[in-house]
Amino acid sequence: MEDAAASAATANVLEAKDGTISVASAFPGHQEAVQDRDHKFLTKAVEEAYKGVECGDGGPFGAVVVLNDEVVVSCHNMVLRNTDPTAHAEVTAIREACQKLNQIELADCEIYASCEPCPMCFGAIHLSRIKRLVYGAKAEAAIAIGFDDFIADALRGTGFYQKAQLEIKKADGSGAVIAEQVFEKTKSKFTLY
């Protein structure tokens with residue numbers, strides 16, 4: 001009994017809010033295995049980033065969706081190729097993974113991104129229910145070569161990230177009422193997943 005207690009004392013044992021305990025890190029070599037696995041998939045995402053730039057599809061961003069240690073999809077930024085400002089690597093990877101797996105939830109999947117996701121991509125990752133995100137470069141690396149600093153500001157709440165030339169106005173009056181009614185009028189016809 002003392003050996004088990006001593007072993008647990010040296011391990012990084014984590015207790016979750018629900019009372020469950022994770023002791024996976026107590027196994028010898030576990031951290032190294034996770035790091036090697038993460039490095040392998042992150043390297044694939046970085047390779048996609050290079051590939052996207054080389055073929056002129058978009059900016060230097062790549063993403064890989066993984067299920068049970070297997071790559072489901074490996075994608076890069078397609079903004080220029082698709083003439084679509086939402087075709088970021090992560091969004092493209094999520095779209096393709098959902099189609100390939102024929103499901104809209106990716107709760108058993110992980111995503112590896114070459115760079116810290118922007119708010120749109122982070123939102124897509126959240127909405128797809130992906131269980132784990134691993135990213136390589138911080139947003140500042142993209143900012144340093146000219147990408148919008150709104151990414152870091154929005155994610156960290158460190159600044160005013162509304163573009164000065166963008167006017168935002170919530171509708172009022174009948175416009176607001178009819179827009180809000182759509183939810184009440186369609187709730188019986190649409191089931192959330």
Side-chain angles (χ1 to χ4, degrees), residues 30-101 103-170:
H30 174 74
Q31 287 297 97
E32 293 80 12
V34 169
Q35 286 175 344
D36 288 348
R37 180 182 174 282
D38 286 350
H39 181 75
K40 176 177 89 171
F41 293 126
L42 190 56
T43 298
K44 186 140 185 72
V46 170
E47 289 169 359
E48 277 291 336
Y50 281 115
K51 180 179 168 185
V53 171
E54 288 170 16
C55 63
D57 288 344
F61 304 96
V64 176
V65 174
V66 174
L67 174 63
N68 299 326
D69 289 334
E70 296 291 326
V71 172
V72 177
V73 294
S74 182
C75 299
H76 54 262
N77 183 292
M78 301 287 283
V79 168
L80 298 176
R81 180 176 187 168
N82 294 352
T83 319
D84 177 359
T86 70
H88 290 196
E90 300 91 335
V91 171
T92 301
I94 289 167
R95 287 173 180 161
E96 289 187 17
C98 287
Q99 288 176 351
K100 187 171 183 178
L101 298 171
Q103 58 192 44
I104 58 173
E105 267 194 16
L106 301 173
D108 294 328
C109 295
E110 300 167 280
I111 191 164
Y112 291 81
S114 63
C115 185
E116 185 175 14
C118 74
M120 176 187 68
C121 293
F122 186 77
I125 290 165
H126 171 74
L127 291 173
S128 69
R129 308 292 193 253
I130 286 175
K131 68 179 178 181
R132 185 166 182 257
L133 159 67
V134 177
Y135 67 87
K138 294 198 63 74
E140 285 78 8
I143 293 164
I145 65 164
F147 284 91
D148 200 334
D149 62 357
F150 140 88
I151 296 170
D153 287 346
L155 286 171
R156 299 187 189 110
T158 56
F160 183 71
Y161 52 87
Q162 177 183 328
K163 294 244 184 227
Q165 67 271 23
L166 174 65
E167 179 184 346
I168 299 175
K169 178 186 182 290
K170 184 193 176 301

Practice task
Measure the CD-SG distance between Gln103 and Cys98 for me, rounded to the nearest 0.5 Å.
Solution key: 7.0 Å
Fill in the blank from the handout: Taking every heavy atom of Phe122 against every heavy atom of Pro117, the minimum-distance pair comes out as N-CB, 4.0 Å
Problem - Euclidean distance, Arg132 CZ relative to Asp38 CG, rounded to 0.5 Å - result: 4.0 Å
Problem - Trace of the side-chain contact (heavy atoms from CB on, under 4.5 Å) decision for His39 with Tyr112 - result: CA-CA 10 Å; His39 181 75; Tyr112 291 81; over 6 Å; no
Handout entry: Contact check, side chains of Phe61 and Met78, non-hydrogen atoms, under 4.5 Å
Key = no
Practice task
Quick one: pull up NZ in Lys131 and CG in Leu67 and give me the separation to the nearest 0.5 Å.
Solution key: 8.0 Å
Problem - Nearest non-hydrogen partners of Asn77 and Gly58, listed with the distance - result: OD1-CA, 3.3 Å
Fill in the blank from the handout: All heavy atoms of Ile94 vs all of Val65, minimum pair found to be N-CG2, 4.5 Å
Exercise for the section: Sort and list the pairs that fulfil side-chain hydrogen bond (donor to acceptor under 3.5 Å, both in side chains) and have at least one residue in residues 85-98, not counting sequence neighbours. Expected result: Asp84-Thr86, Thr86-Arg95
Fill in the blank from the handout: Heavy-atom closest pair (Leu80 atom, Gly56 atom, distance to 0.1 Å) is CB-O, 3.8 Å
Fill in the blank from the handout: d(Glu47 CD, Leu42 CG) to nearest 0.5 Å is 10.5 Å
Problem - Exceeds 12 heavy-atom contacts within 6.0 angstrom, atom CZ of Arg81 - result: no
Problem - Ser128 vs Ile111 side-chain heavy atoms within contact, under 4.5 Å - result: no
Practice task
Look at the side chain of Glu116 and the backbone N and O of Ala139, then say whether any donor-acceptor pair between them is shorter than 3.5 Å.
Solution key: yes
Practice task
Considering non-hydrogen atoms only, spot the tightest contact between Ala49 and Gly62 and give its length.
Solution key: CB-N, 3.6 Å
Problem - Residue pairs fulfilling side-chain hydrogen bond (donor to acceptor under 3.5 Å, both in side chains) with at least one residue in residues 49-64, sequence neighbours excluded - result: Asp57-His76
Practice task
Just grab all the side-chain hydrogen bond (donor to acceptor under 3.5 Å, both in side chains) pairs involving residues 64-73, residues at least two apart or on different chains.
Solution key: Arg37-Asp69
Handout entry: Nearest non-hydrogen partners of Ala87 and Asn82, listed with the distance
Key = CB-ND2, 4.1 Å
Practice task
Measure the SG-NZ distance between Cys75 and Lys44 for me, rounded to the nearest 0.5 Å.
Solution key: 10.0 Å
Exercise for the section: Flag the pair Lys40 / Asp36 as yes when at least one side-chain heavy-atom distance between them is below 4.5 Å, and no otherwise. Expected result: no
